[in-house]
Amino acid sequence: LETLKKIEILLYKILEPEARERLNNIRLVNMEKYLQVASILGNLYQSGRITEPLDDDSLKDVLLQTNKTRDFNIVRK
């Protein structure tokens, strides 16, 4: 719970309001995806690749990148 609060504080710093709203909507639907994107954004921020708040379009780009790396396992019975 405390870690989630730290994530929210960091996201408040590195996302513009519209992008933050989009990510919060994702959080409501898919917490795992939210945490994955928050982790990516945190890593980018710590490595210095995010120097100013990301807008909604930039967040969409990050989301598209996470969708491309998704693994699908189909199990037939």
Side-chain angles (χ1 to χ4, degrees):
L1 190 62
E2 188 174 312
T3 306
L4 196 54
K5 197 69 164 168
K6 289 179 183 178
I7 290 171
E8 290 173 1
I9 291 168
L10 176 66
L11 293 175
Y12 189 82
K13 277 199 245 181
I14 63 176
L15 293 175
E16 290 183 357
E18 195 175 88
R20 206 168 31 253
E21 183 178 338
R22 178 178 300 279
L23 194 55
N24 282 332
N25 288 338
I26 291 169
R27 178 181 173 188
L28 293 173
V29 176
N30 187 342
M31 184 60 123
E32 186 178 321
K33 178 83 166 178
Y34 169 82
L35 292 173
Q36 178 187 14
V37 173
S39 174
I40 290 169
L41 293 174
N43 289 338
L44 289 172
Y45 178 75
Q46 287 181 335
S47 68
R49 292 195 279 175
I50 295 178
T51 55
E52 55 188 49
L54 294 180
D55 62 2
D56 193 45
D57 290 332
S58 299
L59 179 62
K60 286 179 189 177
D61 292 339
V62 173
L63 291 169
L64 286 173
Q65 291 301 315
T66 61
N67 287 340
K68 289 180 183 177
T69 59
R70 189 173 212 181
D71 294 331
F72 291 98
N73 293 325
I74 299 173
V75 178
R76 295 180 187 228
K77 296 183 178 187

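None of these values were measured; they are calculated from a predicted model.
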Would you please test Glu32 and Ile26 for side chain to side chain contact (heavy atoms under 4.5 Å, CB included) and show each step?
CA-CA 9 Å; Glu32 186 178 321; Ile26 291 169; over 6 Å; no
Leu4 and Leu35: side chain to side chain contact (heavy atoms under 4.5 Å, CB included), yes or no, with the steps?
CA-CA 9 Å; Leu4 196 54; Leu35 292 173; 4.2 Å; yes
Give the C-alpha distance, both sets of side-chain angles, the deciding distance and a yes or no for side chain to side chain contact (heavy atoms under 4.5 Å, CB included) between Leu23 and Leu41.
CA-CA 11 Å; Leu23 194 55; Leu41 293 174; 4.2 Å; yes
In sequence, state the C-alpha distance, the side-chain angles, and the governing distance for Lys6 and Glu2, and then conclude on side chain to side chain contact (heavy atoms under 4.5 Å, CB included).
CA-CA 6 Å; Lys6 289 179 183 178; Glu2 188 174 312; 3.9 Å; yes
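For the atom pair Asn67 CG and Gln65 CD, the distance stands at 9.5 Å (nearest 0.5 Å).
Between Leu63 and Leu59 there is a side-chain heavy-atom pair separated by less than 4.5 Å. Counting only heavy atoms from C-beta outward, the side chains of Ile7 and Tyr34 approach each other to under 4.5 Å. Using a 4.5 Å heavy-atom threshold, the side chains of Asp56 and Glu16 count as separate. At a threshold of 4.5 Å between non-hydrogen side-chain atoms, the residues Leu54 and Tyr45 do not count as touching.
A donor atom on one side chain and an acceptor atom on the other are not found under 3.5 Å apart for Ser58 and Asp61.
For the pair Arg20 (side chain) and Tyr12 (backbone), a donor-acceptor distance under 3.5 Å is present. Remark: the backbone N or O of Asn43 is paired with a side-chain donor or acceptor of Ser47 at under 3.5 angstrom.
Contact check on Arg27 versus Glu8 returns a salt bridge, with a Lys/Arg side-chain nitrogen under 4.0 Å from an Asp/Glu carboxylate oxygen.
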